[in-house]
A.B. asks: 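After the structure tokens below, expect a handful of questions from me.
A, B, ... follow the sequence lines: proteins, then strands. Residue 1 opens every chain.
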Amino acid sequence: MLTRAERRSARELFVNLTMREVRGKYRRTVLGNFWSLLNPLASMAIYTVVFGVLIRINPGPGDPSGLDVFALWLMTGLLAWNFLSAGVSQGMGALVGNAGLLTKVYFPRWVLVASTVSSAAITYAIELGVLAVVLLLFGSFVLPWLPMVLVVAILLGLLGFGLGLTLSVLNVYFRDTQHFVAIGLQVWFYLTPIVYPLALVRDAEERLRTEEGLDLPLEELFMLNPMTHFVAVLRNLLYDNRFPQAVDLLWCAGSAAVAMVVGVLVFRRFSHRVVEEL
Amino acid sequence: MSTAVEVQGVSKRFRVYHERNQSLKAAVMRGRRAKFDDFWALRDVGFDIPEGGTFGLMGENGSGKSTLLKCIARILEPDAGGITVHGSLGALLELGSGFHPELSGRENVYLNGSILGLSRSAIDARFEEIVDFAGIERFIDQPVKNYSSGMYVRLGFSVAINVEPDVLLVDEVLAVGDTAFQRKCLDKFADYRRDGRTVIVVSHAMGTVRTLCDQVAWLEHGHLRDVGPAMELVDTYLDEGNATHEVMVGGGRRDGTGEIRVEDLRITGPGGGPPVAGEPAEVTVWARAHERVVSPVVGVGIETREGFVLWGSNTKEGGVDLGTVEGPFAVTFRCPSLPVHGESFDLLVSATDSTTAHVHDFLREVVRFDVEGPRPAESGGPLVLLGRWDVAHGRESEDPRFRR
């Protein structure tokens, strides 16, 4: 059991390591922390041109907000994805990347994973803030929904933290993990309705049944992806301005809980010997 | 006296992989990760470390002393047994580990302090002392990647030692830093002792262990050999080391700027065996010049266990010029008849520049040796004069040989 002093020092260490991540990230760059906004802006531009203008994906206006801007619709989902993906991939590297520290000093090991996820959370919070202002300017009245967005963002962070805990240990034992996960994240991104609406999946399922005679439960399969629900909830709140469906919320909470339980169990079980395997 | 650390039946096993492979492919192909053997770095080691004072862990390389230290520091977890630490614990295993090169010295002090378990307010209170001790006031707001390696280490040490835990673990860190800084550190250890804190030192530098520690635990191949007063155990250890002609270069007391490093040092007697009084002996020094050095001077000396220098000489006095050295080189001193006998002499060795004023490397208490007595025996003192006795009776005492 941790003593009070140990808990206190773990908390301070967590804060300091997070600050190290945040401060160290854009050191020696001319634009500094602007990069954390420029990166999502660049991907917004790319996806908007490719999927909004060229492929002409039309998610339809927000209901009841009436908002109809592809770029904003995209960003409500894309920022959430960026948060998860940064949390997972940086959390995964947290143990291997800090080998020098782990072999020399004792401190609770999970702090390393937690601080990378929380530094990603800080980035997400800033991006969300900017996005909220822009949404307001375009006429989406997001203010009453922001507390709920915060709750969902925390659940998303827990999902990323749980996955990060598991993968960080796995990555120590098998360095292949990081390469696998890099591919896995790409696949996961395109299998989540972020750059296209879920309606497109429904259409595809319908088309396959009538034209090819294939009866694939595509939409149901997509519904097994927790990120589908996270994106749906965040779009409901930020873009449509309405209360999300209970089933989506349950999926968010449930997947975060499962990821955390698995992550904590795996980490507890294997993190003792991590130092010897580094 | 109360106990600071209880080590109870600690065993630690490492896996020694035959084919170290961390790829998933290999794991899938073989159905397991890799073949490995168990290697017991520690086997059922148990002793108590008393509170207050300096405690040493000593033993050969691979004896398990560093593993034990890491177990006490909670970096490694024992496979069996347990370790109880009474009070707070701090470890000086590597200085400046956890520094972020792009962050300033100030930010890193706070970061490193919290890694070592200090709260923000505690660091605030000690900040000036930390910076002062490291002697880098002017550079504290520079990123640490611009620091010299000496500054880096000093700052790391300064943070760590100002954590002031009840139990401080130190692993060979005194090998770094210049002499002045080392003295500062030794003073700090003395303060610790006065405050009733416990310092646990791992070292194979016997000179350090003997002068620094009160008590030591002696580990041998992962087993506890003995626990007791430092003086006694160090002497037993050194005497045994001599029996197998083991050389402990890198131990003892070391000084110098390091352009030349002595790597090995040996004294041999007839036929390469142990030295014998009155017989020819050779002292050989193997050294390495890490840069071009012109006409360095290598010296050796013999001192008694009490630190009294019996003899010393160098290549300059011997009229030998080493020329330009770079990379490895060796020097031998041959004496026709070794004029000392007895137990426990220490060799000392130096490498200096051509004026002998600038010291590249200087080592004491690194090789201990015994000299077998001469035949016939001479019993008083360490000197061997190999004289001959003559006797005259009656009128023979008037013989010219005994003329007054």
Side-chain angles (χ1 to χ4, degrees), chain A residues 2-29 32 96-109 111-112 115 119 170-181 268-278, chain B residues 12-15 17 20-28 33-34 41 67 70-79 85 88-104 107-123 143 145 156 160 163 169 171:
Chain A
L2 286 174
T3 64
R4 252 183 72 203
E6 280 175 317
R7 264 202 300 270
R8 199 252 320 132
S9 78
R11 201 167 52 234
E12 297 227 2
L13 179 59
F14 166 65
V15 172
N16 275 319
L17 284 174
T18 305
M19 293 319 286
R20 176 177 83 162
E21 297 287 327
V22 173
R23 285 195 188 129
K25 200 167 171 189
Y26 297 112
R27 273 284 153 112
R28 311 238 313 149
T29 58
V96 172
N98 284 292
L101 203 52
L102 288 171
T103 52
K104 300 300 173 204
V105 198
Y106 173 77
F107 54 89
R109 275 76 172 86
V111 172
L112 284 174
S115 64
S119 106
L170 200 61
N171 195 31
V172 171
Y173 287 85
F174 300 107
R175 301 290 155 95
D176 304 56
T177 308
Q178 50 198 339
H179 304 291
F180 261 119
V181 170
R268 270 226 190 122
R269 171 81 179 73
F270 292 103
S271 67
H272 304 297
R273 293 195 84 92
V274 151
V275 170
E276 293 152 46
E277 301 281 346
L278 278 170
Chain B
K12 179 69 196 169
R13 180 187 56 196
F14 286 111
R15 290 170 174 179
Y17 290 91
R20 178 81 221 200
N21 210 330
Q22 280 175 320
S23 86
L24 203 56
K25 188 191 100 197
V28 172
R33 283 187 61 213
T67 304
K70 284 189 168 182
C71 286
I72 298 175
R74 293 170 68 190
I75 293 164
L76 295 176
E77 206 162 276
D79 290 291
V85 178
S88 62
L89 181 82
L92 276 185
L93 297 192
E94 190 172 301
L95 302 168
S97 49
F99 276 2
H100 190 300
E102 297 287 351
L103 298 183
S104 72
E107 287 166 316
N108 270 307
V109 165
Y110 282 93
L111 177 63
N112 216 31
S114 75
I115 290 172
L116 297 170
L118 271 189
S119 71
R120 190 171 181 87
S121 53
I123 303 172
K145 62 168 182 185
V163 173
L169 309 178
D171 190 3

A.B. asks: Once you round to the nearest 0.5 Å, how far does CZ of A:R20 lie from CZ of B:F99?
C.D. replies: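 So the gap between those two atoms works out to 11.5 Å.
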
A.B. asks: With rounding to the nearest 0.5 angstrom, report the OG to CZ distance, B:S114 to A:R8.
C.D. replies: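 Answer for the OG-CZ pair, B:S114 versus A:R8, is 10.0 Å.
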
A.B. asks: Select one option (side chain, backbone, both, neither) describing which atoms of B:L118 are under 4.5 Å from chain A's heavy atoms.
C.D. replies: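 It is the backbone, since no side chain atom gets that close.
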
A.B. asks: Taking all atoms of both residues into account, what is the closest heavy-atom pair of A:L102 and B:I75, and its distance?
C.D. replies: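 Looking at all heavy atoms of both residues, the shortest contact is O-CG2, 3.5 Å.
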
A.B. asks: Given a strict heavy-atom distance threshold of 4.5 Å, which part of A:R109 is in contact with chain B: side chain, backbone, both, or neither?
C.D. replies: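 A:R109 touches chain B through side-chain heavy atoms alone.
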
A.B. asks: Look up atom CG in A:L112 and atom CD1 in B:I115, then write down how far apart they are to the nearest 0.5 Å.
C.D. replies: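 If I round to the nearest 0.5 Å, the distance is 8.0 Å.
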
A.B. asks: Find the distance between CG (B:L111) and CG (A:L17) and round it off to the nearest 0.5 Å.
C.D. replies: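 With rounding to 0.5 Å, CG (B:L111) is 5.5 Å from CG (A:L17).
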
A.B. asks: Among all residues two or more places apart in sequence or in another chain, which pass the side-chain hydrogen bond (donor to acceptor under 3.5 Å, both in side chains) test with A:S119?
C.D. replies: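 A:S119 satisfies side-chain hydrogen bond (donor to acceptor under 3.5 Å, both in side chains) with no residue once adjacent residues are dropped.
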
A.B. asks: Where do B:D79 and A:H272 land on the side chain to side chain contact (heavy atoms under 4.5 Å, CB included) test, with the steps shown first?
C.D. replies: CA-CA 10 Å; B:D79 290 291; A:H272 304 297; over 6 Å; no

A.B. asks: Can you name the salt bridge (Lys or Arg N to Asp or Glu O under 4.0 Å) partners of A:E12, sequence neighbours left out?
C.D. replies: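 None.
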
A.B. asks: Side chain, backbone, both or neither: which part of B:S104 has a non-hydrogen atom closer than 4.5 Å to chain A?
C.D. replies: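 For B:S104, the contact with chain A is made by the backbone alone.
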
A.B. asks: I'd like to know which of B:G117, B:A73, B:S119 tops the heavy-atom pair count under 4.5 Å against chain A.
C.D. replies: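 Highest number of pairs under 4.5 Å: B:S119.
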
A.B. asks: To the nearest 0.5 Å, what is the distance between CZ (B:R13) and CZ (A:R273)?
C.D. replies: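 Reported to 0.5 Å precision, the distance equals 5.5 Å.
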
A.B. asks: If you measure from CD on A:E276 to NZ on B:K70, what distance do you get to the nearest 0.5 Å?
C.D. replies: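 One gets 10.0 Å once the value is rounded to the nearest 0.5 Å.
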
